[in-house]
Amino acid sequence: FAFYTSRFFKFFSLLTCYLKFEAYPFVLHINCKTFPFQNKVSLKPTAQPVSTCSFDSLSPEELLVFDSLRDVILWPETPSLKSNFSLNDTSDPRQSSFTILPRTGRGNWRVGDQLQVSIRIRDFHGRPKKSGGDVLLARLHNSTFHAGVAGHVVDHRNGSYSAFFSLLWEGRAQVEVIHPSEAVTVLQRLTEEQPDRIYFKSLFQSGSVSETTTCNVCLTGTQQNFCKYTDLRTGEPWFCFKPHKLDCDARISHAKGGFRQNLQSTEEKLFQCGVNMKVSIPASGPKNIDVLPNPKDGNGMTVKARPSGYYYKGAWQALDGTRVHQFNSSTISQCLKGKAVHIYGDSTVRQWYEYLTNSLPDLNEFDLLTSKQSGPLMALDYVNKILVTFRSHGPPIRFASSPVSQLHYVANELDSVIGGTNTVVVIGVWSHFSTFPVEVYIRRLLNIRKAVARLLSRAPGTTVVIRTANPKEMTLYESLTNSDWFSLQRDKILREIFRKTNVRLVDAWEMILAHHLPHKLHPESDIVKNMIDVLLSFVCPVREKKRNYVV
C-alpha cells in the first residue's frame, strides 16, 4: 500500500508541473506511418555519478494511465513484519477452512446457479486472522467428466474470504481452494527496495578488448558512469554501466546476469511449498455438491463474476460466444492455409510456436543460426503457404546471451507487419516484468497497444491475440521472481489496458487454474492444445447456435 501511495503522490507532483504548460488529454494516438527498423543508442555516458531508473521518467500519458490503474491493482493492506516475527502467527492453510453455503432459496443446485463458498484463514495456532491480503486461488472440478472452472475470490479484509463459482455442468462438483502464499508484505518490500534484484549483463567488445558490465532498468549504488540505450521510437529506456576502456557503442550482447536474494532467514519460511504455498485448504463440511439440469431452458441466475470459460471432457468451452473447435494436424493446416502467424513475447508463447511446428508435419523450421530461446525463429509450409515466426520481446528478458542486434521491441516489430485478413499476431508479454515496479510494465503495454492500434488502423482484418499471465509452480526462487501475486497484478494491468481494444484474449490464467494438471509456467501439452484450439477458433470462427443455458 505504501508503495502505491508513494507512486500516487509522485504522479500528482509531476502532473501539476506539466499542466502549467499544457493540458494533456488521455487519448490513444493512431499513427499509420511505418518506420524503418532501427535501434538508436546514446553514445554519451552520463557525466555525473547518479543512479538512474527507467520508471522515474514516465511521460504524462503514462502517469495518467498509472493513476487510472491504481484501483485495479490495489491490494488490501498486509501486516508489517518484525525482524523476529514467528511463522506461527502467519496464515496456515491446513488450519484454515472453507464452507459451502446453502443455495439461495434452498432447493437443489442446478446448472446456471452460482455457488458461494466462505473461507476462513487461521494461523498455525488455529487462531482466526483479522487481516486480509492472502493470495487465494479457487476452482470447482469434476474428475469423472474432466470438468473444471475457476472461482472468483473476494477479500473481506478481516481474515475471511468468499469464492463464487458458476455451475456449468450436471453431476458432481467439488470445491478446491489453494493458498499460494501470505508473504505479500515481503514481495512488496522487495520491489520497492530492490527493483534491480534480477540483473543483466552485456558484453562490450572492440578488437581484442572486451569488458562485461551490469545492465538493468535501474542502476544504483555506484560511482561508475552509465550508458543510456533508449529506443527512440518507443521511448523505452535501458541502462548499462559504462565499460572502463570501451565506448557505449561497443555493446554486442545481452544476457541474464543473476539474482540477488536479500532475505532474512525468518522471511524465507514464508515461501515453503507444501507448507504455506500451493497447499489445499480443507473443507469444514461437505466439499462437493450434486448439480441437476436447469429446467428453465437457459434462464440462469445473476452471477457475481462471469468466468471466461470452463473445461468439460477435457476441452475448453468459452463463454464469450466463441465456439472452440478441436483441431488436429489436418484442420490446423486447413485453418492456417495461406496465413502468416507472427508470435512475439516470452517463452510462454514460444511454446505455441513449438506446438505448431511439432504438430504440422509439412511446417519446416529454418535454422536462422539464432538463439532457440529468443529467436528470431521461422517455419514455413511451402505447399499450404503457412508462415510461422517467433521473436522474443526486448529487455528485460531473462534468456541466455543474445546479440544486441536481435533485441527488438514488440511495438517496433508490429510497425513492420503488413497485416490483413491472412495475418495473425500473437503477443505474450508478462513473465519477465514480475520483479520490476509496475510502471515498467505499464509503459511496455502502452507502447504495444499503440502499435496494435496502428496495425489495426492500416489493416483492420488482422487477427490480434494476447496470451494472459498464468499461475505456476512455486519454489523459493520462483516465489521471489515469479510469484503468483506478481503475475496476478500484471495480469490485471494487461486486461485493463487492452480492455477496449479490438484484440482477443486467451485466458491462460483461468485455463491453467481450472485444469486438473499442476500449475506450471510452461503448461503441459493438454493445456497448450486447448490454448491453440482457442487461438485457431479466433482465426477460423464458426457460428454457433444459441446455448441451452445462460450464466
Side-chain angles (χ1 to χ4, degrees), residues 137 139 141 146-150 307-318 320 322-336 339 341-363 365 372-375 377-379 381 386 388-393 399 424-432 463-473 478 482 484 487 491 494 504-540:
L137 306 179
R139 76 175 181 124
H141 62 103
H146 299 288
V149 66
S308 64
Y310 65 102
Y311 287 106
Y312 189 74
K313 295 184 178 179
W316 184 254
Q317 313 291 321
D320 62 355
T322 301
R323 182 180 178 183
V324 181
H325 293 276
Q326 304 300 303
F327 288 83
N328 55 32
S329 296
S330 175
T331 51
I332 293 176
S333 294
Q334 293 174 23
C335 174
L336 295 182
K339 292 181 173 60
V341 181
H342 300 296
I343 303 175
Y344 306 104
D346 55 37
S347 58
T348 63
V349 284
R350 188 186 66 224
Q351 197 176 16
W352 292 11
Y353 171 88
E354 294 164 350
Y355 182 92
L356 291 174
T357 55
N358 292 330
S359 299
L360 300 179
D362 296 323
L363 190 64
E365 188 171 9
K372 294 301 181 182
Q373 283 190 311
S374 57
L377 307 176
M378 183 176 73
D381 178 345
I386 300 172
V388 183
T389 68
F390 167 80
R391 182 186 286 275
S392 70
H393 63 72
F399 288 159
V424 181
V425 171
V426 174
I427 302 169
V429 177
W430 60 277
S431 179
H432 295 251
T463 301
V464 180
V465 179
I466 296 180
R467 183 200 192 277
T468 73
N470 61 260
K472 61 189 73 65
E473 67 275 29
E478 288 293 334
N482 271 341
D484 283 348
S487 301
D491 191 59
L494 182 147
R504 307 299 298 269
L505 292 183
V506 173
D507 197 331
W509 187 273
E510 289 196 14
M511 293 184 75
I512 290 180
L513 179 57
H515 205 278
H516 66 86
L517 289 171
H519 300 169
K520 287 188 176 182
L521 174 62
H522 303 112
E524 296 186 25
S525 58
D526 285 354
I527 300 177
V528 175
K529 180 193 183 304
N530 275 286
M531 292 179 176
I532 296 295
D533 287 342
V534 174
L535 167 67
L536 297 178
S537 297
F538 293 153
V539 177
C540 304

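Positions are given from 1 along the sequence.
For the pair L521/S431, a side-chain contact is recorded, criterion being any heavy-atom separation below 4.5 Å from C-beta on. No side-chain heavy atom of K339 sits under 4.5 Å from any side-chain heavy atom of I386. Put simply, the side chain of L535 reaches to within 4.5 Å of the side chain of V424, judged on heavy atoms. Put simply, the side chain of N470 reaches to within 4.5 Å of the side chain of W430, judged on heavy atoms. Residues L513 and H519 meet the side-chain proximity criterion, which asks for heavy atoms closer than 4.5 Å. Residues D533 and Q326 have side chains in contact (heavy-atom distance under 4.5 Å, counting atoms from C-beta outward). Residues D381 and V388 are not in side-chain contact: their nearest non-hydrogen atoms beyond the backbone lie 4.5 Å or more apart.
Counting only distance, with no hydrogens or angles, the side chain of T357 and the backbone of E354 share a donor-acceptor pair below 3.5 Å. Of the possible polar contacts, none joining the Q317 side chain to the V324 backbone as a donor-acceptor pair under 3.5 Å is found. Although no hydrogens or angles enter the test, the distance criterion places a donor-acceptor pair under 3.5 Å between the side chain of Y353 and the main chain of M378.
Tested against H393, the residues D346, V349, I427 include a single side-chain contact (heavy atoms from CB on, under 4.5 Å) partner, D346. Of the options T348, V506, D507, a side-chain contact (heavy atoms from CB on, under 4.5 Å) to T468 is made by D507 and by none of the others.
The CG atom of L336 lies 6.5 Å from the CG atom of L356; values are rounded to the nearest 0.5 Å. If you take NE2 on H515 and NE2 on H146, they are separated by 9.0 Å, rounding to the nearest 0.5 Å. Here the CH2-OG distance, from W352 to S347, works out to 13.0 Å after rounding to the nearest 0.5 Å. Note that OG of S537 is 11.0 Å distant from CD1 of I532, once rounded to the nearest 0.5 Å. One finds the CD atom of Q351 at 10.5 Å from the CG atom of N358 (value rounded to the nearest 0.5 Å).
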Evaluation steps, side chain to side chain contact (heavy atoms under 4.5 Å, CB included), between R350 and S392: CA-CA 8 Å; R350 188 186 66 224; S392 70; over 6 Å; no
task: Take I512 and M531, measure what side chain to side chain contact (heavy atoms under 4.5 Å, CB included) needs, and give me the verdict at the end.
output: CA-CA 10 Å; I512 290 180; M531 292 179 176; 4.2 Å; yes
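Heavy atoms only, all atoms of each residue included: V528 and P523 are closest at CG2-O, 3.4 Å. The minimum heavy-atom distance linking L377 with K372 is given by the pair CD1-O, 4.0 Å. Closest non-hydrogen pair, L360 versus S329, comes out as CD2-O, 3.3 Å. What you find for V429 and G345 is that their closest heavy atoms are CG2-CA, 4.1 Å. Nearest heavy-atom pair across C335 and V539 is SG-CG1, 4.0 Å. Across all non-hydrogen atoms, the minimal contact from F399 to Q373 is CE1-O, 3.4 Å.
Checked by atom type, the side-chain pair D320/T322 shows a donor-acceptor distance below 3.5 Å. In the model, E510 has a side-chain atom that pairs as donor or acceptor with a side-chain atom of S308 under 3.5 Å. Residues S487 and D484 have side chains that never bring a donor and an acceptor to within less than 3.5 angstrom of each other.
Every residue two or more places apart in sequence or in another chain that forms a side-chain hydrogen bond (donor to acceptor under 3.5 Å, both in side chains) with E524 is listed here: K520. The salt bridge (charged side-chain N to carboxylate O under 4.0 Å, His left out) check on E478 picks up nothing, with sequence neighbours excluded.
By the 30° and 60° cut-offs, the orientation of the rings of H325 relative to F327 is perpendicular.
Taking the ring centroids of H516 and Y311, they lie at or beyond the 6.0 Å cut-off.
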